[in-house]
Amino acid sequence: QVHLVDSGGGLVQAGGSLRLSCAASGRTFSNYGMGWFRQAPGKEREFLAAIRWSGLITYYAAVKGRFTISRDSAKNTVYLQMNSLKPEDTAVYYCKAGPEATIASINGEGYWGQGTQVTVSS
């Protein structure tokens, strides 16, 4: 089992920044990647970014250039730096740990954090 704890959400004004953290504990897998997703009210959960064990990074086009995913392997923690936030970024943000082949998939195998609320005011 892998246990994930998301943190770092909050209320921020448009144009501001937040850094989310996802701390992993428990069993780790050498072929696992880490990813970030979000879910706004009334909408489906959507993929944002993923970093694979090899270091390969992918982003959802709508956030590329504003969001940056990174990891600290020594701390088993993945971060999502979010800049130039917009009201439409308001959502619950979730991290996921899973096989690299499905890390960017909502329905793929993996483990989820509990989510952290991000609210961007206009």
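Here the closest non-hydrogen pair linking Ser105 and Gly108 is OG-N, 3.1 Å. Contact between Lys86 and Val120 at its shortest, heavy atoms only, is O-CB, 3.2 Å. Contact detail for Ala24 and Leu4: the closest heavy-atom pair is CB-CD2, 3.6 Å. Between Ser54 and Arg71, the shortest heavy-atom distance links the atoms C-NH2, 4.3 Å. Heavy-atom minimum distance, Gly115 versus Val92: CA-CG1, 3.9 Å.
With a 4.5 Å cut-off on side-chain heavy atoms, Tyr59 and Ile69 count as touching.
Annotation: side-chain hydrogen bond (donor to acceptor under 3.5 Å, both in side chains) contacts of Thr68 (sequence neighbours excluded): none. Shown here are the side-chain hydrogen bond (donor to acceptor under 3.5 Å, both in side chains) partners of Thr119, two or more places apart in sequence or in another chain: Gln117. For Asp72, there are no side-chain hydrogen bond (donor to acceptor under 3.5 Å, both in side chains) partners at least two apart in sequence or on another chain. Partners of Ser122 according to the side chain to side chain contact (heavy atoms under 4.5 Å, CB included) rule, which considers only residues two or more places apart in sequence or in another chain, are Pro87. Applying the side-chain hydrogen bond (donor to acceptor under 3.5 Å, both in side chains) test to Gln39 and every residue at least two apart in sequence or in another chain returns Arg45.
Every pair passing side-chain hydrogen bond (donor to acceptor under 3.5 Å, both in side chains) that includes a residue from residues 89-98 is listed here, sequence neighbours excluded: Arg38-Asp89, Arg38-Tyr93, Arg66-Asp89. Sorted by first and then second residue, the disulfide (SG to SG under 2.5 Å) pairs with a member in residues 70-122 read Cys22-Cys95; sequence neighbours excluded. Applying the disulfide (SG to SG under 2.5 Å) test to pairs two or more places apart or on separate chains, none has a residue in residues 43-94. Within the structure, disulfide (SG to SG under 2.5 Å) pairs that include any residue of residues 47-92 do not occur (at least two apart or interchain). For residues 31-67, no pair satisfies disulfide (SG to SG under 2.5 Å), with sequence neighbours left out.
Between the CD atom of Glu100 and the OH atom of Tyr32 there is a distance of 11.0 Å, given to the nearest 0.5 Å. Expressed to the nearest 0.5 Å, how far CE of Met34 lies from OG of Ser70 amounts to 11.0 Å. Within the model, atoms CG of Asn76 and NE2 of His3 stand 13.0 Å from one another, a figure rounded to the nearest 0.5 Å.
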Contacts under 3.5 angstrom, residues 77-85 side chains, donor-acceptor by atom type, not counting sequence neighbours:
{"unit_1": "Thr77", "atom_1": "OG1", "unit_2": "Lys75", "atom_2": "O", "d": "2.9"}
{"unit_1": "Gln81", "atom_1": "NE2", "unit_2": "Asn83", "atom_2": "OD1", "d": "2.9"}
{"unit_1": "Asn83", "atom_1": "OD1", "unit_2": "Ser17", "atom_2": "OG", "d": "2.9"}

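Hydrophobic cluster membership differs between Ile103 and Tyr60, with clusters built from Ile, Leu, Val, Met, Phe, Trp and Tyr side chains linked at under 4.5 angstrom.
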Would Trp112 and Phe37 count as a side chain to side chain contact (heavy atoms under 4.5 Å, CB included) if you check the C-alpha gap in whole Å, the side-chain angles of each, and the deciding distance to 0.1 Å? CA-CA 10 Å; Trp112 293 90; Phe37 293 71; 3.6 Å; yes
